[in-house]
Number of protein chains: 2
Amino acid sequence: MDKIFSALASTPRRRILAYLSATSLTAGEISDRFEMSKPSLSKHLSILENAGLIMREKKGQFVHYSLKPDKLTNTLHGFAQSVCPAGAPLVKESKEIAKQRDLPTSR
Amino acid sequence: MDKIFSALASTPRRRILAYLSATSLTAGEISDRFEMSKPSLSKHLSILENAGLIMREKKGQFVHYSLKPDKLTNTLHGFAQSVCPAGAPLVKESKEIAKQRDLPTSR
DNA sequence: AGCCTATTTAACTAATAAGCTAAATAGATT
DNA sequence: AATCTATTTAGCTTATTAGTTAAATAGGCT
């Protein structure tokens, strides 16, 4: 979860995802669309891959990158649901009442 | 956008949002639920507030924090839509074809 | 083999982020 | 006024991140 949101917390990486949402591209084609050096782009790509948001497929000397679309939508939608469950009323709660609930703590 | 995803790229901050999804809480009540020092928690809260995900309301000596629920769901859903538009087919695309499209570059 | 293109890894620098303790601010209480 | 509680700000340390250039790896071409 941390890996996914960290991966998304970067404008160039979100732009990469946007490019890949239209089509799959090679590392070089992606790099062509940015000012950054190729090694920097490569690092961004590996962060996205490590987060499970994209996949790589080597074909000859080229590496083709493409989106793993379900991963992204499932994660975001699932998280939004878990934090803002539809119809959950927002109620004030005192410290005492909170103690009766079994929200996890880090202790 | 960067601010929102950066704010979400942190387990303690996502946990804070989860607590606040059930109810609004004071800074101290939130702090009680973590091992961290109060200053650290305070910083997390200000990052979340700065991202527009939560709001603070001072009442006497206490500061009450609560979720801005629309902000989170709208952002995540909107982003998921933009990157994975429903029904968009994933097609291979060569460099030449890509140039005809007007995807923005950083140049 | 030798070279050219595509991509990644290594090594480094500079900026950012997370945590801490100690001190400052602000409101409530005696 | 003095003090207590709640919360944030300041200043510091350490770890992580984004970018760089230079070198390594791997595949294709002559």
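Naming: A, B, ... by sequence-line order, numbering from 1 per chain. Because the structure is predicted, anything quoted here is derived from the model rather than measured.
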Residues in side-chain contact (heavy atoms from CB on, under 4.5 Å) contact with [X], at least two apart in sequence or another chain:
X	value
B:Gln61	none
B:Ser42	none
B:Met55	B:Ser66, B:Lys68
B:Thr26	B:Glu29, B:Phe62, B:His64

Please report the distance, rounded to the nearest Å, between [atom1] in [X] and [atom2] in [N].
X	N	atom1	atom2	result
A:His64	D:dG27	NE2	C1'	13 Å
B:Met36	C:dA17	CE	P	16 Å
A:Glu57	C:dT7	CD	C1'	16 Å
B:Asp32	D:dA6	CG	P	9 Å
B:Ile54	D:dT7	CD1	P	13 Å
B:Glu35	C:dT21	CD	P	12 Å
A:Phe34	D:dA18	CZ	P	13 Å
B:Ile30	D:dA6	CD1	P	14 Å

For this session: By nearest nucleotide on DNA chain C, pick out whichever of B:Lys38 and A:Thr26 is the more 5' one.
Result: A:Thr26
Exercise. Is the backbone N or O of B:Lys71 less than 3.5 Å from a side-chain atom of B:Thr75, with the two atoms forming a donor-acceptor pair by type?
Worked result: yes
Problem set entry | Summary of salt bridge (charged side-chain N to carboxylate O under 4.0 Å, His left out) pairs that have at least one residue in residues 2-11 of chain A, sequence neighbours excluded | A:Asp2-B:Arg14
Seminar exercise, completed: Letter by letter from the 5' end, nucleotides 24-30 of chain C scores (B base, S sugar-phosphate only, - none; protein heavy atoms under 4.0 Å) --SBS--
For this session: Applying side-chain hydrogen bond (donor to acceptor under 3.5 Å, both in side chains), name anything that partners A:Asn74, two or more places apart in sequence or on another chain.
Result: none
Exercise. If only side-chain N and O atoms of B:Arg56 are considered, is one of them under 4.0 Å from the OP1 or OP2 phosphate oxygen of D:dT7?
Worked result: no
For this session: Tell me whether the OP1 or OP2 atom of C:dA6 has a side-chain N or O from A:Tyr65 closer than 4.0 Å.
Result: no
List, one per line, each side-chain donor-acceptor pair under 3.5 Å for residues 44-52 of chain B, sequence neighbours excluded.
{"residue": "B:His44", "atom": "ND1", "partner": "B:Arg13", "partner atom": "NH1", "Å": "3.1"}
{"residue": "B:Ser46", "atom": "OG", "partner": "B:Lys43", "partner atom": "O", "Å": "2.9"}

For this session: Can you sort out which residues in residues 39-51 of chain B have a heavy atom within less than 4.0 Å of DNA chain D? Ascending by number, please.
Result: B:Pro39, B:Ser42
For this session: Can you see which heavy atom on B:Leu53 is nearest to which on B:Ala7, and at what distance?
Result: CD1-CB, 4.1 Å
